[in-house]
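Have a look at the structure below, then the notes.
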Amino acid sequence: MFDDGTTSREIEGWLCETDGARLKELWRLADDTRRRHVGDEIHLRGIIEFSNHCRRNCAYCGLCASNSGLQRYRMTAAEIVEAAKKGAAQGAKTIVLQSGEDTYYDAQRMCGIIRRIKSECDVAVTLSIGERPALEYRAMRDAGADRFLLKHETTNRRLFQKLHPDDDFEERIACLEELKSLGYQTGSGNIVGLPGQTIEDLADDILLFRELDVDMVGIGPFIAHSRTPLAGYSDGSSELALRVIALTRILLKDVHIPATTALATSDPGGRYKALQCGANVVMPNITPVKYRARYEIYPDKAESLETPERNIARIRRMAESLNRPISTGYGHTLKHAV
Ligand code: 5AD
């Protein structure tokens, strides 16, 4: 049904499929592929949203620089390390450091934080801090960062330009290539249901994930934020996002795919469903609760006021009910030796 020659047309067919029996087949194939290629383990990646300052104006994102109604915050290095330690004590074997594009955290600051986390906790470190010069990526890799997430968001160049007035698609892809060549395990991803996005665009996104040969793919539905230029547009469909997850699993096979918070926000059962159609990663939020409400990428973010302990306990129960173990390993890429 699927192979290396699978075309964009075939993917589009699945994204538009209306036959319930065929869809069941899709979910089953995605779940089988997940089991065969990455196993039953669910990896916990504790995410620390350490700054909501951003120099960019991505049209969909509540952190965009033009949103003057947002109270901005920056966590200190000590707060970040403390949060990482707490996450590690709860069983997270990866700490994800995510922020807006905030140059206050220059390479030197970031390197100090990475070194401290790597020496004080037994974890892998993933960065999700946007586009930086190659030299900075190199310094942070040398400091011990293992992975980097930089979603391309949409493959449609015209839509990318419209939604990212101060960014460039080719630049983003060049950053991903640079990160790969520096030895980072890299992640891309997209937003499903952006205004103006077509089914063809989504098929191209999936084919680009494959072409980029990334180690991780994050997929979530668009959720409109009232203080952005996309205020008032319809949200993306969570069911369509699940199809993109399933097809990405089937076509890329051994990548790590999170059941994203955006999915959990648009459908309370979204995470559970994602874990059954391709996803094998969950990213509990381990940001100190006092900062949570201010990291408002989109509104009503799921679990945004739940403590890390409760959040992780709930994820453990969810894994148990799926009869899937929580991994005790780092959950590095399965594509090559690390
Ligand atoms: N809806 C859905 N996802 C969003 N992101 C940012 N804003 C939104 C939104 N309004 C996603 C982007 C980014 C990640 C951190 O959050 O894909 O890469």
Side-chain angles (χ1 to χ4, degrees), residues 45 47-67 70 96-102 126-132 147-156 159-160 162-167 169 172-173 175-176 179 186-197 201-202 205 208-209 212 214 216-238 240-242 244-245 248 257-267 270-271 274 281 283-285 287 292 294-304:
R45 326 282 207 201
I47 181 165
I48 305 172
E49 301 158 335
F50 66 91
S51 161
N52 68 351
H53 286 259
C54 193
R55 65 188 171 110
R56 300 273 192 199
N57 273 299
C58 307
Y60 44 79
C61 184
L63 306 190
C64 61
S66 63
N67 180 2
L70 183 67
V96 182
L97 300 178
Q98 189 180 84
S99 67
E101 290 210 9
D102 184 0
T126 301
L127 303 177
S128 176
I129 58 172
E131 295 178 22
R132 296 280 178 123
R147 311 186 192 126
F148 205 105
L149 306 175
L150 186 66
K151 294 169 67 166
H152 73 253
E153 316 290 6
T154 177
T155 311
N156 178 330
L159 186 59
F160 186 99
K162 221 159 110 187
L163 298 177
H164 305 97
D166 44 18
D167 206 345
F169 182 82
R172 175 125 347 166
I173 301 300
C175 281
L176 274 170
L179 289 161
T186 53
S188 187
N190 67 344
I191 303 179
V192 176
L194 286 163
Q197 186 183 46
D201 293 339
L202 292 174
D205 283 340
L208 184 64
F209 297 148
L212 291 170
V214 283
M216 305 167 282
V217 184
I219 296 157
F222 165 66
I223 301 167
H225 189 299
S226 64
R227 302 191 74 109
T228 64
L230 297 186
Y233 280 93
S234 307
D235 288 353
S237 145
S238 56
L240 187 57
L242 288 171
V244 177
I245 288 176
T248 300
I257 301 180
T260 52
T261 305
L263 203 51
T265 302
S266 93
D267 170 3
R271 238 193 218 133
V281 168
M283 300 171 73
N285 193 336
T287 311
R292 293 280 184 89
R294 289 191 257 163
Y295 201 80
E296 199 189 45
I297 295 178
Y298 41 78
D300 303 317
K301 217 159 114 218
E303 298 138 20
S304 68

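Sequence positions, counted from 1, serve as the residue numbers for this chain. Hydrogens, waters and symmetry mates are skipped; everything else that's a heavy atom, side chains included, is used. For ligands, and for the atoms within them, numbers begin at 1 and follow the listed sequence.
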Closest protein heavy atom (residue, atom, distance) for atom 8 (C) of ligand 1:
Ile297 CG2, 3.5 Å
Report yes or no: does a heavy atom of His225 sit under 4.0 Å from some atom of ligand 1?
no
Over 12 non-hydrogen atoms of neighbours within 6.0 angstrom of OH in Tyr233:
no
Would you tell me whether Asp205 and His152 have side-chain atoms, one donor and one acceptor, within less than 3.5 Å of each other?
yes
If only side-chain N and O atoms count, and only distance matters, is there a donor-acceptor pair under 3.5 Å linking Asn285 with Glu303?
no
Take every heavy atom of Gly218, measure it against each atom of ligand 1, and state whether any distance is under 4.0 Å.
no
For atom 15 (C) of ligand 1, what's the nearest protein heavy-atom neighbour? Residue, atom name and distance, please.
Gln98 NE2, 3.7 Å
For ligand 1, which atoms have a heavy atom of Cys61 less than 4.0 angstrom away?
7 (N)
Option from Asn156, Leu202, Thr154 for which side chain to side chain contact (heavy atoms under 4.5 Å, CB included) with Leu194 holds:
Thr154
Looking at Leu263, Ile223, Leu149, Asp235, the heavy atom closest to atom 1 (N) of ligand 1 belongs to Ile223
Are Ser66 and Arg227 linked by a side-chain donor-acceptor pair shorter than 3.5 Å?
no
I want to know if ligand 1 touches Tyr60 in the polar sense, i.e. an N/O pair below 3.5 angstrom.
yes
Classify the contact between Glu153 and ligand 1 as side chain, backbone, both or neither, using a heavy-atom distance cut-off of under 4.0 Å.
side chain
For Gly220 versus Ala262, what's the shortest heavy-atom pair and its separation?
CA-CB, 4.2 Å
Interfacing atoms of ligand 1 (cut-off 4.0 Å, heavy-atom, Pro221):
1 (N), 2 (C)
Between Asn52 and Arg294, do the side chains contain a donor N or O and an acceptor N or O under 3.5 Å apart?
no
Once you restrict to heavy atoms under 4.0 Å, what part of Ala224 touches ligand 1? Side chain, backbone, both or neither.
neither
